[in-house]
Every structure is written in C-alpha cells, then in structure tokens.
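First listed ligand is number 1; within each ligand, the first listed atom is number 1.
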Amino acid sequence: MGNLTDRTALVTGASRGIGRAIATRLAAEGALVAVHYGSNQSAADETVAAIRDAGGQAFAVRAELGVPGDVDTLFDGLAAGLDGRPLDILVNNAATIAYAATIDTATPDDFDRQFAINVRAPFFITQRALGVMRDGGRIINVSSGVTWFATPETVYAMTKGALNVLGRSLAQQLGPRGITVNTVSPGITATEMNTWLDTEPERARQVYAMVALGRAGQPADIGDAVAFFASDDARWITGETVEVNGGLLLGPPRPTN
Ligand SMILES: NC(=O)c1ccc[n+]([C@@H]2O[C@H](COP(=O)([O-])OP(=O)(O)OC[C@H]3O[C@@H](n4cnc5c(N)ncnc54)[C@H](OP(=O)(O)O)[C@@H]3O)[C@@H](O)[C@H]2O)c1
C-alpha cells in the first residue's frame, strides 16, 4: 500500500514530461489523480492508461490555461472526476516557455501569455482549489532554476520568480489550515521543453559538464521529489524552494586532462 492511499491529487500539465512523471508517482502511491492537460488529449490518455495499467486510479481533465474561463473549465472537470471527494494535493506544474521572448524581441502579447499560463493560472487554480481542499493538504509548485541562474528567456524566468514568491506567501497564509506549500525547482530536464538535448549533442554535453551528477534530469527525478512533498514525511516542511537538479552550477567544472 502506498503512502497516499485515499488521497486525491490534481496535477496540471500531466499529459507529458515532468507532470506525467508526477502524476504517475502520486498514483503509484495510491492517490486518485486528475491528469490535467491543455490540448494533447492522446498524451493525456496515455498517462491515464499507464496509471490504470499499473493498478492506479486516474482521470483526464482538459482545460486550456491562460484563456478566459480556464479555471472554471478545469474545476468542472475536476469535480466530475472526484465525484464529491475533496482534494488533498495540488501540483501546479503546467507552464510554457517562449524561447523568442528575450529582452530584444519579446512582445507585450508574449509577455501576457506567459504570465497568464505560468502565474495567473496557478494563482487562481490555487484560490479555487482551497475551496475543495481538505485541511492538512499539500500544494507543490513547479518552478525553475532560471530563478537563480541567468538565461536569455527573461519573461519565462520572471514568471518562475513570481511562483517562488507565491509559495512563501501562501505557506504563511495556509499554515493555520495545516496546508503545506513548497516549490520544486528543476534544472535541465529531458522533456519536450528541451528537445535541443537530443538535437544539439555538443550543447547538451557542455550542459552535462555543469551538473555534478553529469547528466540531464529525467522527469521521474522531479516526480519523486514532488511525491516526497506530497507525503506525510514532509509534514513539517513548508514555504521552501528546493532545487532538484543533480547539482547544477555548483562550481567550475573539474578540468579533464
Ligand atoms: N524541462 C525542463 O528542463 C524544466 C526545467 C525547469 C522547470 N521546468 C518546469 O517544469 C514544468 C513541466 O515542464 P515540462 O518540461 O514537463 O513541460 P512540457 O513537456 O512542455 O509539458 C508541458 C505540460 O503543460 C501543459 N500545458 C502547457 N501549456 C498549457 C496551457 N496553456 N494550458 C494547459 N496546459 C498547458 C501541456 O499540456 P499539453 O500536453 O496538452 O500540451 C503539458 O502537459 C513546467 O512548469 C516547467 O516550467 C521544466
């Protein structure tokens, strides 16, 4: 029996990548998982099928985030799937990155869209979730290491900085209800957000040289960390941001010969 038996979870952006790994791990621990996605229904169906094939419980919920009515759509689907059960765990994972949204080229529309999906949506999803969440629940936000190392994708990095701030503030506000709020901050992780890891091997090699453990993160590396924060073992941890990155940029790489 897993440590989340009889719990329920909503994982946003769980059709692919890190979100899929989070959903899969929470379901393996016994939670009933709402697998949220935006448009890729076949990927969401694959996530749900893999969970069910492994003996877990999951259902898919479609809601494009960053558009009017997004939170209503999401919570209508969630309510149908939970069928009267409260929510125990919310993982705000869905996000988008616009690689062209640099200081030279970003448009106001690029800026607004990334903030709508990466910041406004998790804020209002959380606000709505609190109405159906049991006291003692768990909120885990997925941020990024780009909050502390610099990249040209300034707008994306700013959205993740906002998420880190959200976590600390919420942790304080929700303490009286026994709800913990933590932030998991991946480094470079092999998902469709980083297809260049496969298409640009030399660039990938340079990146691995900056990681103490010498490789890209895998989605399960992040999913396992999120599952810890969702578990009772993490009951006394709140308001924290934890870097889950294999030791990224700990110092200059060791010279090789
Ligand atoms: N990969 C990395 O190296 C890395 C590093 C640091 C932080 N992160 C963070 O980790 C999280 C997951 O990233 P990932 O690499 O797994 O991303 P991914 O492979 O691109 O998957 C993104 C997920 O978010 C959903 N999504 C995106 N935009 C959406 C929208 N407008 N409405 C609804 N759903 C939407 C997608 O749904 P569909 O399948 O329906 O499109 C998909 O499930 C993100 O918060 C990201 O910022 C990733």
Residue portion contacting ligand 1 (non-hydrogen atoms closer than 4.0 Å) for H36: side chain

Atom pair CE/CZ of M193 and R16 - distance to nearest 0.5 Å: 8.5 Å

Shortest protein contact, atom 35 (C) of ligand 1 (heavy atom only): A94 CB, 4.2 Å

Polar side chain donor-acceptor pair, T183 to N164, under 3.5 angstrom: no

Sidechain N-carboxylate O distance under 4.0 Å for R20, E46: yes

Proximal atoms of ligand 1 relative to K160 (non-hydrogen, under 4.0 Å): 44 (C), 45 (O), 46 (C), 47 (O)

For atom 17 (O) of ligand 1, the protein heavy atom that lies nearest, with its residue and separation: M193 CE, 3.8 Å

Straight-line distance of L10 CG to D88 CG, nearest 0.5 Å: 11.5 Å

Cluster link F229 to V91, ILVMFWY, side chain under 4.5 Å: yes

Of the listed options T189, I18, N40, T159, closest to atom 48 (C) of ligand 1 (non-hydrogen atoms): I18

Selection from V35, V11, L197, I117 by shortest heavy-atom distance to atom 29 (C) of ligand 1: I117

R215 side, atom CZ; Y208 side, atom OH - distance, nearest 0.5 Å: 10.0 Å

Identity and separation of the nearest protein heavy atom to atom 27 (C) of ligand 1: A95 O, 3.5 Å

Numbered atoms and elements of ligand 1 in range of A14, under 4.0 angstrom, heavy atoms: 43 (O)

Numbered atoms and elements of ligand 1 in range of E64, under 4.0 angstrom, heavy atoms: 32 (N)

For the student: nearest non-hydrogen atoms of A34 and L78, plus distance: CB-CD1, 3.5 Å

Atom 1 (N) of ligand 1 [closest protein heavy-atom partner, distance rounded to 0.1 Å]: T191 OG1, 3.1 Å

Per-residue contact class, P219 against ligand 1 - non-hydrogen pairs under 4.0 Å: neither

Shortest protein heavy-atom distance from atom 43 (O) of ligand 1, along with the residue and atom involved: S15 OG, 2.6 Å

For Y37, atoms of ligand 1 separated by under 4.0 Å from a heavy atom: 40 (O)

Identified side chain to side chain contact (heavy atoms under 4.5 Å, CB included) counterpart of V119 within the set L166, V165, T159, N92: T159

Closest non-hydrogen atom pair between T12 and N93, with its separation: OG1-N, 2.8 Å

Ligand 1 contact by A190, heavy-atom criterion under 4.0 angstrom: no

Identity and separation of the nearest protein heavy atom to atom 47 (O) of ligand 1: Y156 OH, 2.5 Å

Protein heavy atom at shortest distance from atom 41 (O) of ligand 1: R16 NH2, 2.9 Å

Heavy atoms from other residues, nucleotides or ligands near CG of D6 exceed 12 (cutoff 6.0 Å): no

Residues, nucleotides or ligands: over 12 heavy atoms within 6.0 Å of E200 CD: yes

Heavy-atom pair of closest approach, residues G17 and T191: CA-CG2, 3.9 Å

R113, CZ: over 12 other non-hydrogen atoms inside 6.0 angstrom: no

Atom 31 (N) of ligand 1: the protein heavy-atom neighbour that sits closest, reported with distance to 0.1 Å: L65 O, 3.1 Å

For N93, the ligand 1 atoms whose distance to one of its heavy atoms is below 4.0 Å: 10 (O), 11 (C), 12 (C), 44 (C), 45 (O)

For N194, atoms of ligand 1 separated by under 4.0 Å from a heavy atom: 1 (N), 2 (C), 3 (O)

Where ligand 1 meets I188 - atom numbers and elements under 4.0 angstrom, heavy-atom basis: 3 (O)

For E192, atoms of ligand 1 separated by under 4.0 Å from a heavy atom: 19 (O)

N/O separation below 3.5 Å, S39 to ligand 1: yes

In one Ile/Leu/Val/Met/Phe/Trp/Tyr side-chain cluster, 4.5 Å: L130, L90: yes

Proximity winner for atom 9 (C) of ligand 1, if only heavy atoms of S143, A23, S144 are counted: S143

Which segment of A43 sits under 4.0 Å of ligand 1 when only heavy atoms are counted: neither

Location of contacts on R20 toward ligand 1, heavy atoms closer than 4.0 Å: neither

Side-chain H-bond candidate by donor/acceptor type, S42 with D45, under 3.5 Å: no

Contact partition for A63 relative to ligand 1, non-hydrogen atoms under 4.0 Å: backbone

Nitrogen or oxygen atoms of G13 and ligand 1 under 3.5 Å apart: yes

Pair N3, T5: side-chain N/O donor-acceptor within cut-off below 3.5 Å: no

